[in-house]
Peer 1: 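First the structure, then my questions, so here it is.
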Amino acid sequence: MNTKEFLAILDTQQEVTAGSEVHRYMHYLSQQALKITMEINNSYHTEEQLRALMAKLTGREIDESFSLFPPIYTDCGKNLKIGKNVFINEGCTFQDQGALRLVMAV
């Protein structure tokens with residue numbers, strides 16, 4: 001299973017059965033998210049470094065207008081979509097396995 005297949009299955013809103021291939025991949029992504037968020041949260045990073053780490057976490061390009069004040073927490077990361085001019089303040093927790101899209105309000 002790969003991330004694209006995993007996200008497609010989550011988009012169907014099917015129940016994820018414990019011990020299934022989907023469940024094992026979900027656990028794998030959660031462990032990867034823990035590793036990346038620990039890196040984000042436990043030392044100082046420039047804005048450019050934070051964008052690179054967030055790109056690694058989400059698997060998507062992060063716009064230069066993005067800003068983050070750590071710490072940040074997430075259970076997946078790969079189903080988090082971040083638009084332009086988004087600011088995430090410290091202490092945010094995202095349960096994004098069901099998909100989250102963060103965009104600037106106009």
Peer 1: Quick check for you: to the nearest 0.5 Å, what is the distance between L57 atom CG and I72 atom CD1?
Peer 2: 6.5 Å
Peer 1: CE of M38: more than 12 outside heavy atoms within 6.0 angstrom?
Peer 2: no
Peer 1: Please check: side-chain N/O of D96 versus main-chain N/O of T74, any donor-acceptor pairing under 3.5 Å?
Peer 2: no
Peer 1: Check whether any side-chain heavy atom of E90 sits under 4.5 Å from a side-chain heavy atom of P71, and report yes or no.
Peer 2: yes
Peer 1: Just say parallel, tilted or perpendicular for the rings of Y25 and F6, cut-offs at 30° and 60°.
Peer 2: tilted
Peer 1: Linking I/L/V/M/F/W/Y whenever their side-chain heavy atoms sit closer than 4.5 Å, directly or via other members, would L80 and Y73 fall into one cluster?
Peer 2: no
Peer 1: Just so I know, are the side chains of H23 and T17 near enough to count as touching, which here means a heavy-atom distance under 4.5 Å?
Peer 2: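 With C-beta onward as the side chain, the pair stays apart.
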Peer 1: Output the distance between atom OG1 (T3) and atom CD (Q32), rounded to the nearest 0.5 Å.
Peer 2: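 Rounded to the nearest 0.5 Å, the OG1-CD separation comes out at 9.5 Å.
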Peer 1: Can you find a pair of side-chain heavy atoms, one from Q13 and one from D11, that are under 4.5 Å apart?
Peer 2: no
Peer 1: Indicate yes or no for a side-chain donor-acceptor contact from R60 to the backbone of K78 under 3.5 Å, with no hydrogens or angles considered.
Peer 2: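 Present.
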Peer 1: Quick check for you: to the nearest 0.5 Å, what is the distance between R51 atom CZ and T58 atom OG1?
Peer 2: 13.0 Å
Peer 1: Check whether more than 12 heavy atoms from other residues, nucleotides or ligands sit under 6.0 Å from atom NZ of K81, and answer yes or no.
Peer 2: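 Result for NZ/K81: enclosed.
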Peer 1: Does F66 have its ring centroid less than 6.0 Å away from the ring centroid of F87?
Peer 2: no
Peer 1: Transitively linked via ILVMFWY side-chain contacts under 4.5 Å: I36 with I88?
Peer 2: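 Yes, because I36 and I88 connect within a single hydrophobic cluster, where side-chain heavy atoms sit under 4.5 Å apart.
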Peer 1: Given M26 and L10, is the side chain to side chain contact (heavy atoms under 4.5 Å, CB included) satisfied, shown in steps?
Peer 2: CA-CA 10 Å; M26 181 184 294; L10 290 186; 4.2 Å; yes
Peer 1: In the single-linkage hydrophobic clustering (I, L, V, M, F, W, Y; side-chain heavy atoms under 4.5 Å), do L7 and I82 co-cluster?
Peer 2: no
Peer 1: To the nearest 0.5 Å, how far apart are CZ in F69 and CD in E47?
Peer 2: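 Rounded to the nearest 0.5 Å, the CZ-CD separation comes out at 8.0 Å.
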Peer 1: Quick check against the 3.5 Å criterion: does Q49 have a side-chain atom that pairs as donor or acceptor with the backbone of T46?
Peer 2: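 It does hold such a pair.
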Peer 1: If you count the non-hydrogen atoms of other residues, nucleotides and ligands that lie under 6.0 Å from CD in Q31, is the total more than 12?
Peer 2: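 Yes.
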Peer 1: Checking H27 side chain against G19 main chain: does a donor-acceptor pair fall under 3.5 Å?
Peer 2: no
Peer 1: For E5, does the CD atom sit with more than 12 other heavy atoms under 6.0 Å from it, leaving out its own atoms?
Peer 2: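 It does: E5 CD has more than 12 such atoms within range.
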Peer 1: What I'd like to find out is whether the side chain of M54 reaches to under 4.5 Å of the side chain of I40, using heavy atoms alone.
Peer 2: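 Yes, their side chains come closer than 4.5 Å.
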Peer 1: If two hydrophobic side chains count as joined below 4.5 Å and joins carry through other members, does M1 share a cluster with V16?
Peer 2: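 As far as the 4.5 Å side-chain criterion goes, V16 and M1 are connected within one cluster.
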Peer 1: Do V22 and Y28 share a hydrophobic cluster (ILVMFWY, side-chain heavy atoms under 4.5 Å, transitive)?
Peer 2: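 Yes, one cluster joins them.
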Peer 1: Quick one: does any side-chain atom of N85 pair with a main-chain N or O of S65 as donor and acceptor, under 3.5 Å?
Peer 2: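 No; judged by distance alone, with no hydrogens or angles, the pair does not exist.
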Peer 1: Any side-chain heavy-atom pair from V86 and S67 closer than 4.5 angstrom?
Peer 2: no
Peer 1: Please give me the minimum heavy-atom distance between A33 and C76, naming the atom from each residue.
Peer 2: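 Looking at all heavy atoms of both residues, the shortest contact is CB-O, 3.4 Å.
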